[in-house]
Amino acid sequence: MNLYDRIFKPRPMTLSNGKVVYEKRSRTPLVLLILLLLTYGSMRMTGFSLYTLQERGVEFFNILGKIFHPNLSFMKHIWGPLFDTIKMSFLGSFCGAFFAMFFAYLASTNMIKSKFVVMPVRFLFSLIRTIPTLVNALIATYIFGLGTLAGTIAIFLFSFSYVGKLMYEQIETVDMGPFEAMMSMGFSKPRAFYHGILVQILPNYLSVSLYNFEGNVRYAAILGYVGAGGIGLMLSENISWRQWDNVGTILLAVFGTVFVIESISTHFRKKLN
């Protein structure tokens with residue numbers, strides 16, 4: 001019996017009643033072989049080299065060593081851009097989450113029966129979510145100029161699409177009983193939605209909005225690379241100048257800020273749940 005037959009050909013088994021059945025061979029060897037071939041092909045196409053990784057990997061740890069020795073005297077220059085990052089993250093997240101709820105209502109099939117309304121709104125969410133935040137920020141800098149306004153617009157678009165998608169999916173899974181009861185009593189549709197649906201999804205809506213905000217603080221730190229203001233611009237400049245100790249100070253400030261915001265956000269999200 002050759003190797004192929006040993007691995008892939010079904011093996012006969014005799015039951016106690018004398019009947020012969022065939023046990024199917026495991027597909028694991030085939031899957032592993034495909035994965036190995038795909039890995040090898042990817043290494044060839046991307047030019048991956050273990051030699052280069054070994055030769056230049058030392059430089060990576062040298063840079064890390066310099067970053068982990070921050071220049072704390074540089075901290076006084078960080079506070080202004082850091083607060084700009086927090087402000088544009090908060091404003092973009094708040095406005096995005098606020099407007100997302102209105103469009104999530106229009107994208108919910110249990111609220112709006114017309115496909116001519118639902119499908120374009122869902123397409124809008126998908127389209128905006130497809131474009132990376134960094135690209136949105138780059139486009140915004142061409143329209144609104146360099147600065148935090150462009151970063152705020154980029155964060156607004158991401159928050160709008162992210163929160164909006166999660167909310168219309170949440171709306172479609174709620175208990176429709178209270179809403180239908182209010183509609184039968186003569187309530188208008190928006191008022192019945194407010195009293196019968198919104199109260200059910202409000203804790204999850206606030207939780208998602210808080211989680212979105214804490215994530216946007218991290219994303220905003222790199223928007224400066226395209227001129228969208230905030231701490232990212234200072235980070236980009238110091239990386240270009242190879243000022244690794246200053247880079248370490250900036251990353252330390254960003255880490256502390258994100259940690260504080262995440263702690264506060266986690267506390268309130270636990271209260272909401």
Side-chain angles (χ1 to χ4, degrees), residues 59-100 128-129 131-163 206 208-269:
E59 185 64 23
F60 173 75
F61 290 102
N62 289 337
I63 293 174
L64 276 184
K66 295 174 183 178
I67 289 176
F68 280 107
H69 288 82
N71 176 20
L72 296 181
S73 62
F74 186 70
M75 187 69 75
K76 59 185 178 182
H77 302 289
I78 294 176
W79 297 119
L82 183 62
F83 285 132
D84 287 340
T85 298
I86 297 173
K87 286 184 289 186
M88 71 181 188
S89 299
F90 176 78
L91 182 60
S93 300
F94 174 80
C95 293
F98 178 78
F99 286 101
I128 297 176
R129 202 169 58 253
I131 304 174
T133 306
L134 203 61
V135 176
N136 283 329
L138 181 61
I139 296 172
T141 57
Y142 286 115
I143 300 174
F144 302 102
L146 302 177
T148 53
L149 177 60
T152 304
I153 296 297
I155 292 172
F156 164 79
L157 291 174
F158 171 78
S159 302
F160 171 78
S161 60
Y162 174 75
V163 177
L206 295 176
V208 168
S209 299
L210 286 171
Y211 180 77
N212 172 66
F213 168 60
E214 69 183 52
N216 282 337
V217 176
R218 292 192 294 270
Y219 302 147
I222 63 170
L223 295 183
Y225 276 87
V226 294
I231 197 72
L233 181 60
M234 182 176 288
L235 181 62
S236 175
E237 290 174 350
N238 281 274
I239 290 177
S240 300
W241 297 335
R242 303 296 191 269
Q243 299 287 341
W244 302 118
D245 53 346
N246 291 345
V247 172
T249 308
I250 295 170
L251 293 178
L252 180 64
V254 172
F255 171 78
T257 303
V258 171
F259 177 78
V260 171
I261 291 175
E262 281 187 350
S263 299
I264 297 173
S265 175
T266 302
H267 172 75
F268 283 107
R269 280 192 282 117

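Because only heavy atoms are used, hydrogens play no part in the values below, and waters and symmetry mates are left out as well, while side chains stay in. Everything quoted here is computed from the prediction, not taken from an experiment.
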inquiry  = Within the structure provided, determine whether Asn246 and Trp241 are in side-chain contact (heavy-atom separation under 4.5 Å).
reply    = no

ask   = Just by modelled atom types, is the Leu138 backbone N or O under 3.5 Å from a matching donor or acceptor in the Thr141 side chain?
value = yes

message = Using every non-hydrogen atom in the two residues, find where Leu82 and Ile231 come nearest and quote the distance to one decimal.
response = N-CD1, 4.1 Å

remark   = Distance col, row Leu91:CG vs Ile86:CD1, nearest 0.5 angstrom, shows 13.5 Å

query = Distance from Gln243 atom CD to Met234 atom CE, nearest 0.5 Å?
reply = 12.0 Å

key: Rounded distance (nearest 0.5 Å) linking atom CD1 of Ile264 with atom CZ of Phe213   = 8.5 Å

ask   = What distance do Phe68 atom CZ and Phe61 atom CZ have between them, rounded to the nearest 0.5 Å?
value = 10.5 Å

key: Nearest heavy atoms of Ala97 and Ser209, plus distance in Å   = CB-OG, 3.5 Å

Distance (rounded to the nearest 0.5 Å) between Leu233 CG and Leu223 CG = 11.0 Å

key: Exercise: do Asp84 and Thr148 side chains pair donor with acceptor under 3.5 Å   = no

query = Hey, is NE2 on His77 packed in by over 12 heavy atoms from elsewhere, all under 6.0 Å?
reply = yes

inquiry  = When you compare the side chain of Phe144 with that of Ile153, does any pair of heavy atoms fall below 4.5 Å?
reply    = yes

note = In this structure, CG of Leu64 is separated from CD of Glu59 (nearest 0.5 Å) by 10.5 Å

message = When you compare the side chain of Val208 with that of Tyr211, does any pair of heavy atoms fall below 4.5 Å?
response = no

task = Answer yes or no: is there a side-chain heavy-atom contact under 4.5 Å between Leu235 and Leu251?
result = yes

remark   = Smallest heavy-atom separation, Ser159 atom then Ser93 atom, equals OG-CA, 3.5 Å

remark   = Scanning both residues in full, the closest heavy-atom pair of Ala100 with Phe160 reads CB-O, 3.5 Å

Minimum side-chain heavy-atom gap Ile155-Tyr219 below 4.5 Å = no

request  = Spell out, as yes or no, whether a donor-acceptor pair under 3.5 Å connects the side chain of Thr249 to the backbone of Asn71.
outcome  = yes

request  = For Ser236 and Gly232, indicate whether the former's side chain and the latter's backbone hold a donor-acceptor pair under 3.5 Å.
outcome  = no

query = Which pair of non-hydrogen atoms, one from Asn136 and one from Ile128, has the smallest distance, and what is that distance?
reply = ND2-O, 4.3 Å

ask   = Is there side-chain contact between Phe158 and Asn212, with at least one heavy-atom pair below 4.5 Å?
value = yes

